[in-house]
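Read through the structure below, which is laid out as structure tokens, and then see the notes.
Whatever order the structure lists ligands and atoms in, that order sets their numbers, starting from 1. Side chains are part of it too, since the values below use all heavy atoms of this structure and drop only hydrogens, waters and symmetry mates. A quick note: this is a predicted structure, and the numbers were derived from the prediction, not measured.
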Amino acid sequence: MHKKNWDIFCKVVDNFGDIGVCWRLAQQLSYTHHISVRLWVDDLQVAQRLIPTLNLALPTQMIAGIEIAHWHDHADFSQAAAVVIEAFSCGLPAPYQHAMQAHSSQWINLEYLSAESWVENFHQKPSPQQNGLTRYFYFPGFTNKTGGVLNFGYHPIRPVFSHPEPPTLKLSLFCYPHAPIRQLLDAIANGDAPVHCYIPNTSTLNHVAHYFGRTHLEVGQIVESGRLTVEVLPFLSQAEYDGLLAHCDINFVRGEDSWVRAIWANKPFIWQPYLQEDNAHIEKLNAFLKQFYASATTETFSAIQSMHHQWASEDITTEVWRAYLAQFEAVKLQTQSANQALQQQPDLASKLVIFCNNL
Ligand code: TRH
């Protein structure tokens, strides 16, 4: 029997990953584990981009069986849950911590996903706090000794496309603005295979517009260059974004949540890790590639690695894109078998529930 009431605290630091991960976790705890979840979010506007039915005027509201509460200084923090998830070391309000003491709540700090080996040593480690509470570190990861990978998939909603089934390779593009976007588009335009590229409307769209010699691009617009066709999509709901990943043959993803969804979409993907100091993101990337594609042949691994390294280091050449496509069938098979292996392990939410029950 598990503890039935959980609170998740989510601070939107930048981008969409903080709320992306927390919203998915909240839904999986609720749907699969029948836990009553309250999700505290400090920035409802960002949350609304992923959850379009969210009402910005309400301090608290129920969506898909989850209570979403606006986290601000004057919110009512008097009722602490049995289990409290602090996402990505976002900090918990002092009055809420008092309520946790009175309620003997469990305190879990959910960390970022990484395939690096040190994660196993820090996963589940307790950190006693001055106020008598114990905060536990929970590290998601790809091995049995880590916290697992979040695996809540929506029944994907297919976005509305202008060209639902182009007779070409379908690609989705979601990346950070410093990625070599123009070089990638150029490599595709000059490549051998025709590619239809769906791009949801984010801050990178102006780079795409510049590539086509325009000041901006509108949602719904379709532009072409050589072998490349670009279709601009609106920023999608999270469920529709999953639908886009399922629809495409190759997905360019970033950060944490879209990366995980690309893995579960079971299609070849190129992951751009969140930029960190001292090239820590490259170490994270290398650890993941080594772990995920461990059984790939040298040739296939090298094509995957070169593509990722160039994408992360801001320079893509036509040769690397060609080499990647030449290995495409092998990359597909490797991705599918790595996906299957990962599915054999318990997912993050299930492991988290067991961990909290056993505390
Ligand atoms: O937005 P991100 O770059 O988030 C990042 C990372 O999580 C990073 O690790 C963290 O440090 C930083 O935030 C604070 O990328 P991520 O994690 O892929 O999150 C994007 C979310 O947005 C994901 O849930 C998918 C969703 N999404 C949509 O719902 N619709 C869309 O159209 C697109 C492009 C994305």
Query raised in the report: Between F142 and F292, what is the ring plane arrangement, given parallel below 30°, perpendicular above 60°, and tilted in between?
Result: perpendicular
Query raised in the report: Do NZ/NE/NH1/NH2 and the carboxylate oxygens of E319 and R322 come within less than 4.0 Å?
Result: no
Query - Under-4.0 Å salt bridge between K125 and E111 - result: no
Inventory of protein N or O atoms under 3.5 Å from ligand 1 N or O:
{"unit_1": "ligand 1", "atom_1": "1 (O)", "unit_2": "F16", "atom_2": "N", "d": "2.9"}
{"unit_1": "ligand 1", "atom_1": "1 (O)", "unit_2": "G17", "atom_2": "N", "d": "3.4"}
{"unit_1": "ligand 1", "atom_1": "1 (O)", "unit_2": "R254", "atom_2": "NH2", "d": "3.0"}
{"unit_1": "ligand 1", "atom_1": "3 (O)", "unit_2": "Y176", "atom_2": "OH", "d": "2.5"}
{"unit_1": "ligand 1", "atom_1": "3 (O)", "unit_2": "R254", "atom_2": "NE", "d": "2.8"}
{"unit_1": "ligand 1", "atom_1": "3 (O)", "unit_2": "R254", "atom_2": "NH2", "d": "3.3"}
{"unit_1": "ligand 1", "atom_1": "4 (O)", "unit_2": "G17", "atom_2": "N", "d": "2.9"}
{"unit_1": "ligand 1", "atom_1": "17 (O)", "unit_2": "E256", "atom_2": "N", "d": "2.8"}
{"unit_1": "ligand 1", "atom_1": "17 (O)", "unit_2": "D257", "atom_2": "N", "d": "2.8"}
{"unit_1": "ligand 1", "atom_1": "18 (O)", "unit_2": "R254", "atom_2": "O", "d": "3.0"}
{"unit_1": "ligand 1", "atom_1": "18 (O)", "unit_2": "S258", "atom_2": "N", "d": "2.8"}
{"unit_1": "ligand 1", "atom_1": "18 (O)", "unit_2": "S258", "atom_2": "OG", "d": "2.6"}
{"unit_1": "ligand 1", "atom_1": "19 (O)", "unit_2": "G17", "atom_2": "N", "d": "3.4"}
{"unit_1": "ligand 1", "atom_1": "24 (O)", "unit_2": "Q238", "atom_2": "NE2", "d": "2.9"}
{"unit_1": "ligand 1", "atom_1": "24 (O)", "unit_2": "D257", "atom_2": "OD2", "d": "2.5"}
{"unit_1": "ligand 1", "atom_1": "29 (O)", "unit_2": "L236", "atom_2": "O", "d": "3.3"}
{"unit_1": "ligand 1", "atom_1": "29 (O)", "unit_2": "Q238", "atom_2": "N", "d": "3.4"}
{"unit_1": "ligand 1", "atom_1": "30 (N)", "unit_2": "L236", "atom_2": "O", "d": "2.7"}
{"unit_1": "ligand 1", "atom_1": "32 (O)", "unit_2": "L236", "atom_2": "N", "d": "2.8"}

Query - Which residues share a side-chain contact (heavy atoms from CB on, under 4.5 Å) with T32, sequence neighbours left out - result: Q28
Could you tabulate the donor-acceptor pairs under 3.5 Å formed by side-chain atoms of residues 221-230, not counting sequence neighbours?
{"unit_1": "Q221", "atom_1": "OE1", "unit_2": "E218", "atom_2": "N", "d": "2.7"}
{"unit_1": "R227", "atom_1": "NE", "unit_2": "D192", "atom_2": "O", "d": "3.1"}
{"unit_1": "R227", "atom_1": "NH2", "unit_2": "D192", "atom_2": "O", "d": "2.7"}

Query raised in the report: Looking at residues at least two apart in the chain, or sitting in another chain, which of them share a side-chain hydrogen bond (donor to acceptor under 3.5 Å, both in side chains) with Q79?
Result: none
